[in-house]
Amino acid sequence: MSDIFEIDKQYVANTYNRFPVDLVYGKGSLIKDSNGKEYIDLGSGIGVTAFGIQDEEWKKAVIEQLNKIQHASNLYYTEPCANLAKLLCEKTGFKKVFFGNSGAEANECAIKVARKYAEDKGIKDSSIITLKNSFHGRTIATLAATGQDVFHQDFLPIAQGFLYAEANNINSIKELVANNKVSAIMMECVQGEGGVIALNKDFVEDVYKICQEKDILLIIDEVQTGNGRTGKLYAYMNYDITPDVVTTAKGLAGGLPMGACLLGEKVQNTLGPSKHGSTFGGNPIAAAGAISIISRIDEALLNDVKKKSEFIINKLQGKEGILSISGMGLMLGIETKKDVKDVLKYLMDNGVLALSAKTKLRLLPALTITIDELDKACDVIIAACKE
C-alpha cells in the first residue's frame, strides 16, 4: 500500500470513501497512478476538468496570470474578473455575475437573492421550492435545499424555508405555490447526484410559466450540468425557458475552484454593497482559467459533445447487463443488473475511472475526450456489466 494512503488516513478528515488509487500525472483524458498504471478518465474530477488534464491553452492562461498577480481581494478591480463576467453575460443574456469558490457557494448566493427579492416586495419569511431527489450542496442552507432526507441526517435542525415538490409533477408545484409564500423555485434540469435524471421538457416549461405568472424567481442549478456538459452552454438552453438566476461551478474554471451566480434583469440589483461577499470570489487566476474555458465553448464543441453522447449510447444500449441509459450530453447514468460498486471496481482494475450516482454508473468525461478513448472505455464497461 502506498505511503500516501496511510498519511491521508492519519491526517485528512475522514469524509471521503476514496478509491485505492493515488493519481500523479495526466494529459487529456489519460491519467496515471504512482505505479505507472494508466486509466481512461470518465469522471473528469466529477465534471471539473472540462477540457481534460493539462490543457495547454488553459495552462498558458493560468501561468500568465500567475506571473502578474495571484490575488487582490474584491476591494479592488482586476481585469480577469471583469472580463469573465462580461463573457458570461454576453453568452447568456444575463446582466450581472457574483463569483464564489464552489457550487454550494453559488447556490447560497441564489438563495440569498431569492429571499431578499421577496423581502424587497414586502414578503417576509418566504420559502423556496426545490425538487425531491435534488442535490444543491453540503453547506447548511444548500443541504436544506437538497430534497433528499439522507443528506439531512445528523445535521438537524436543518435550515428552514424550503419546500419539496415531486419532480415532473406540475400539480405538486402548483399545490405548494397555492398554499405558501414562495420566493423561488430552484431545480436542476438534470438531477445529477439523484441518479442522472433529466427533467421532462413540459414540466420545466410549465414551472417557468408559473414563475412568470406569480413573479416567483426561477433558479436553475447548473453546477454539474453547465459549461457545455449537456451539449448546450447551459442545460436550461435545452428547454424553452429563461431563468432569473443560474448557478454554476465544476467545469467553469477547468480545475480551479470557482463558482458563479448569474443574475437576470429582474434581480441584477437585488444584492447591493455589503449584502454578500466572498474573499476568494473572482480570484484572478481562477478567472483567467475560466475565460480560457468559456471562450472556447462554441457550437462546434457543443455539437461534438452531442456526437460523443450518441456514440456512447449507441455503443452501450441493449448490451448484456445494461438496463437503461439516462441523462444528457456527456452526463450519462447507466443502470446495470450488477451492483455499481462491483462495476466500478472492474473498470478500475481494467484501466477506466468512472463514478456512481445512487445505483447507477455515472459518466462525466472531459468534453474533449476522443472517440477512440470512448470506444476503448465503452468496451471495458460492456465487459464489466456482463453477468
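Only heavy atoms go into these numbers, but all of them, side chains included; no hydrogens, no water, no symmetry mates. In this text the structure is predicted, and so the values were computed from the model without any measurement.
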A.B. asks: Without swapping roles, check the side chain of D244 against the backbone of L218 for a donor-acceptor pair under 3.5 Å.
C.D. replies: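 Such a contact is found between D244 side chain and L218 backbone.
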
A.B. asks: Do I220 and V245 make a side-chain contact, defined as non-hydrogen atoms from C-beta onward lying under 4.5 Å apart?
C.D. replies: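 No. Closest side-chain heavy atoms not under 4.5 Å.
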
A.B. asks: Using the rule that two of Ile, Leu, Val, Met, Phe, Trp, Tyr join whenever any of their side-chain heavy atoms come within less than 4.5 Å, decide whether I46 and L30 are in one cluster.
C.D. replies: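 Linked, I46 and L30 end up in one cluster.
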
A.B. asks: Please check if the side chain of S172 supplies one atom and the backbone of A165 the other of a donor-acceptor pair under 3.5 Å.
C.D. replies: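 Not a single qualifying donor-acceptor pair exists.
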
A.B. asks: Any chance you could measure N101, atom CG, to F280, atom CZ, to the nearest 0.5 Å?
C.D. replies: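 Nearest 0.5 Å value for the CG-CZ distance: 7.0 Å.
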
A.B. asks: Salt bridge (Lys or Arg N to Asp or Glu O under 4.0 Å) for E205 and K201? Distances and angles first, verdict last.
C.D. replies: CA-CA 6 Å; E205 292 172 5; K201 195 170 189 291; 2.4 Å; yes

A.B. asks: Given 3.5 Å as the limit, does a donor-acceptor pair link the side chain of S295 with the main chain of I291, or not?
C.D. replies: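 Indeed, once roles are kept as given, a pair shorter than 3.5 Å links the two residues.
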
A.B. asks: Would you check, one step at a time, whether the test side-chain contact (heavy atoms from CB on, under 4.5 Å) holds for Q317 with I312?
C.D. replies: CA-CA 8 Å; Q317 195 86 57; I312 295 170; over 6 Å; no

A.B. asks: Looking only at non-hydrogen atoms, find the nearest pair between G282 and A287 and report the distance.
C.D. replies: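 The pair with the smallest heavy-atom distance is O-CB, 4.2 Å.
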
A.B. asks: Closest heavy-atom contact between L332 and M328?
C.D. replies: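 What the structure gives for the nearest pair is CD2-N, 4.0 Å.
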
A.B. asks: Are E335 and T359 close enough that some pair of their side-chain heavy atoms sits under 4.5 Å apart?
C.D. replies: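 No, too far: nothing below the 4.5 Å cut-off.
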
A.B. asks: State, yes or no, whether a side-chain contact exists between Y236 and T92 at a heavy-atom distance under 4.5 Å.
C.D. replies: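 Yes - at least one pair of side-chain heavy atoms lies under 4.5 Å apart.
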
A.B. asks: What's the verdict on side-chain contact (heavy atoms from CB on, under 4.5 Å) for S183 and L217, showing C-alpha distance, side-chain angles and the deciding distance?
C.D. replies: CA-CA 6 Å; S183 59; L217 298 183; over 6 Å; no

A.B. asks: Okay, side chain of H152, backbone of L143: is any donor-acceptor separation there less than 3.5 Å?
C.D. replies: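 Flag set: sc H152 to bb L143 pair under 3.5 Å.
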
A.B. asks: Hey, does the side chain of N200 reach the backbone of F203 with a donor-acceptor pair shorter than 3.5 angstrom?
C.D. replies: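 Not at all, since once roles are kept as given, no pair shorter than 3.5 Å links the two residues.
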
A.B. asks: Got a second to check how far S126's OG is from K121's NZ, nearest 0.5 Å?
C.D. replies: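 Separation between the atoms: 9.0 Å.
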
A.B. asks: Check residues 349-356 and write down every donor-acceptor pair under 3.5 Å in which the side-chain atom is one partner and the other belongs to a residue at least two apart or another chain.
C.D. replies:
unit_1 : atom_1 : unit_2 : atom_2 : d
D349   : OD2    : K345   : NZ     : 2.8
N350   : ND2    : Y346   : O      : 2.8

A.B. asks: CG of L330 to CG of L374: how many Å apart, nearest 0.5 Å?
C.D. replies: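 Here the rounded value is 7.0 Å.
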
A.B. asks: Please report the C-alpha distance between Y208 and T242 in whole Å, then the side-chain angles of each, then the deciding distance to 0.1 Å, and finally whether the side-chain contact (heavy atoms from CB on, under 4.5 Å) criterion is met.
C.D. replies: CA-CA 8 Å; Y208 172 65; T242 303; 4.1 Å; yes

A.B. asks: Below 4.5 Å, heavy atoms only, C-beta onward: do Q224 and F135 meet side chain to side chain?
C.D. replies: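 The answer is no; the side chains never approach within 4.5 Å.
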
A.B. asks: Calculate, to the nearest 0.5 Å, the distance between atoms CD1 and OH belonging to I31 and Y39 respectively.
C.D. replies: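 Atom-to-atom, I31:CD1 and Y39:OH are 9.5 Å apart.
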
A.B. asks: Inspect the surroundings of CD in E56 and state if more than 12 heavy atoms from other residues, nucleotides or ligands are less than 6.0 Å away.
C.D. replies: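 Yes - once you tally the heavy atoms of other residues, nucleotides and ligands closer than 6.0 Å, there are more than 12.
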
A.B. asks: Any side-chain heavy atom of C378 within less than 4.5 Å of one from E373?
C.D. replies: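 Side-chain contact under 4.5 Å: no.
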
A.B. asks: Compile the donor-acceptor pairs under 3.5 Å between side chains in residues 297-308 and protein atoms, sequence neighbours left out, one pair per line.
C.D. replies:
unit_1 : atom_1 : unit_2 : atom_2 : d
D298   : OD1    : A300   : N      : 3.3
D298   : OD1    : L301   : N      : 2.9
N303   : ND2    : E299   : O      : 3.1
D304   : OD2    : K308   : NZ     : 2.8
K308   : NZ     : L367   : O      : 3.0
K308   : NZ     : I369   : O      : 2.6

A.B. asks: For the CD atom on E79, are there more than 12 heavy atoms of other groups (residues, nucleotides or ligands in this structure) within a distance under 6.0 Å?
C.D. replies: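 Counting other residues, nucleotides and ligands, CD of E79 stays at 12 neighbours or fewer.
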
A.B. asks: Does a donor on one side chain sit under 3.5 Å from an acceptor on the other, for T225 and E222?
C.D. replies: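 Their side chains do contain a donor-acceptor pair, which is all the 3.5 Å distance test asks for.
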
A.B. asks: May I ask you to check whether over 12 heavy atoms, not counting those of K27, lie within 6.0 Å of atom NZ?
C.D. replies: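 Yes - once you tally the heavy atoms of other residues, nucleotides and ligands closer than 6.0 Å, there are more than 12.
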
A.B. asks: Hey, any chance I325 and L199 share a hydrophobic cluster, counting ILVMFWY side chains that come within less than 4.5 Å of each other, even indirectly?
C.D. replies: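 Cluster IDs for I325 and L199 match.
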
A.B. asks: Is a side-chain N or O of K338 found less than 3.5 angstrom from the main chain of A384, in a donor-acceptor match?
C.D. replies: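 Confirmed, K338 side chain pairs with A384 backbone.
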
A.B. asks: With distance as the sole criterion, is a donor-acceptor pair present between the side chains of S278 and N74 under 3.5 Å?
C.D. replies: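 No donor-acceptor contact under 3.5 Å links the two side chains.
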
A.B. asks: Going hydrophobic residue to hydrophobic residue with side-chain gaps under 4.5 angstrom, can you get from F98 over to L88?
C.D. replies: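 Different clusters: F98 never reaches L88 through Ile, Leu, Val, Met, Phe, Trp or Tyr contacts under 4.5 Å.
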
A.B. asks: Can you tell me if N107 and T247 form a side-chain donor-acceptor pair at under 3.5 Å?
C.D. replies: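 Note: N107 and T247 side chains meet the donor-acceptor criterion.
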
A.B. asks: Show the numbers, then the answer: is there a salt bridge (Lys or Arg N to Asp or Glu O under 4.0 Å) between K60 and E64?
C.D. replies: CA-CA 6 Å; K60 182 174 182 289; E64 284 182 356; 2.8 Å; yes

A.B. asks: Is there a continuous path of hydrophobic side-chain contacts, each under 4.5 Å between heavy atoms, that joins V246 to I185?
C.D. replies: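 V246 and I185: one cluster.
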
A.B. asks: If we only count heavy atoms from C-beta on, is the K181 to I123 side-chain gap below 4.5 Å?
C.D. replies: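 Result yes, sub-4.5 Å side-chain heavy-atom pair found.
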
A.B. asks: About how many Å separate OG of S29 and CG of D372, when rounded to the nearest 0.5 Å?
C.D. replies: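 Interatomic distance, D372 CG to S29 OG, rounded to 0.5 Å: 11.5 Å.
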
A.B. asks: To the nearest 0.5 Å, how far apart are CD1 in I170 and CG in D206?
C.D. replies: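 One gets 5.0 Å once the value is rounded to the nearest 0.5 Å.
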
A.B. asks: Can you find a pair of side-chain heavy atoms, one from Q212 and one from V207, that are under 4.5 Å apart?
C.D. replies: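 Sidechains of V207 and Q212: no contact.
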
A.B. asks: Among Q148, H136, R362, which residue satisfies the side chain to side chain donor-acceptor pair (under 3.5 Å) criterion with E193?
C.D. replies: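 Testing each of Q148, H136, R362 against E193, the sole residue satisfying side chain to side chain donor-acceptor pair (under 3.5 Å) is R362.
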
A.B. asks: Please report the C-alpha distance between K376 and V380 in whole Å, then the side-chain angles of each, then the deciding distance to 0.1 Å, and finally whether the side-chain contact (heavy atoms from CB on, under 4.5 Å) criterion is met.
C.D. replies: CA-CA 7 Å; K376 291 175 181 176; V380 180; 6.0 Å; no

A.B. asks: Side chains of R138 and T142: any donor to acceptor distance under 3.5 Å?
C.D. replies: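 No, no side-chain donor-acceptor pair sits under 3.5 Å.
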
A.B. asks: Look only at the side chain of T130 and the backbone of A145, and say whether a donor-acceptor pair between them is shorter than 3.5 Å.
C.D. replies: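 Checking the backbone N and O of A145 against the side chain of T130, a donor-acceptor pair under 3.5 Å is found.
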
A.B. asks: Side-chain atoms of residues 250-275: list all donor-acceptor pairs with protein atoms under 3.5 Å, sequence neighbours left out, distances to 0.1 Å.
C.D. replies:
unit_1 : atom_1 : unit_2 : atom_2 : d
K266   : NZ     : D215   : OD1    : 3.1
T270   : OG1    : V267   : O      : 3.3

A.B. asks: For the residue pair Y234 / N227, report whether a side-chain donor-acceptor contact shorter than 3.5 Å exists.
C.D. replies: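 Y234 and N227 do have a side-chain donor-acceptor pair below 3.5 Å.
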
A.B. asks: Please test D125 against R115 for salt bridge (Lys or Arg N to Asp or Glu O under 4.0 Å), starting from the C-alpha separation and ending with a verdict.
C.D. replies: CA-CA 8 Å; D125 300 322; R115 289 184 173 179; over 6 Å; no

A.B. asks: I'd like to know if the side chain of D22 reaches the main chain of D33, judged simply by a donor and an acceptor atom lying under 3.5 Å from each other, with no hydrogens or angles considered.
C.D. replies: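 Absent.
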
A.B. asks: Using every non-hydrogen atom in the two residues, find where S326 and G195 come nearest and quote the distance to one decimal.
C.D. replies: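 Heavy atoms of S326 and G195 come nearest at OG-O, 3.7 Å.
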
A.B. asks: With salt bridge (Lys or Arg N to Asp or Glu O under 4.0 Å) as the test, would you mind laying out the steps for E213 and K209 before giving the verdict?
C.D. replies: CA-CA 6 Å; E213 292 168 1; K209 290 174 186 175; over 6 Å; no

A.B. asks: Do T368 and D55 get their side chains close enough for a donor-acceptor pair, meaning under 3.5 Å?
C.D. replies: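 Not at all, the side chains of T368 and D55 share no donor-acceptor pair under 3.5 Å.
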
A.B. asks: Would a single hydrophobic cluster contain both L131 and I197, if residues Ile, Leu, Val, Met, Phe, Trp and Tyr are joined by side-chain heavy-atom contacts under 4.5 Å?
C.D. replies: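 No, because I197 and L131 fall into different hydrophobic clusters, even though each may have its own neighbours under 4.5 Å.
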
A.B. asks: Between the side chain of Q10 and the main-chain N/O of F5, is any donor-acceptor distance below 3.5 Å?
C.D. replies: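 Absent.
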
A.B. asks: I'd like to check I216 versus V177 (side-chain heavy atoms, cut-off strictly below 4.5 Å). Are they in contact?
C.D. replies: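 The answer is yes, as the side chains (C-beta and beyond) meet within the 4.5 Å cut-off.
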
A.B. asks: Between T336 and C385, is there a donor-acceptor pair closer than 3.5 Å when you use the side chain of the first and the backbone of the second?
C.D. replies: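 Not confirmed, T336 side chain does not pair with C385 backbone.
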
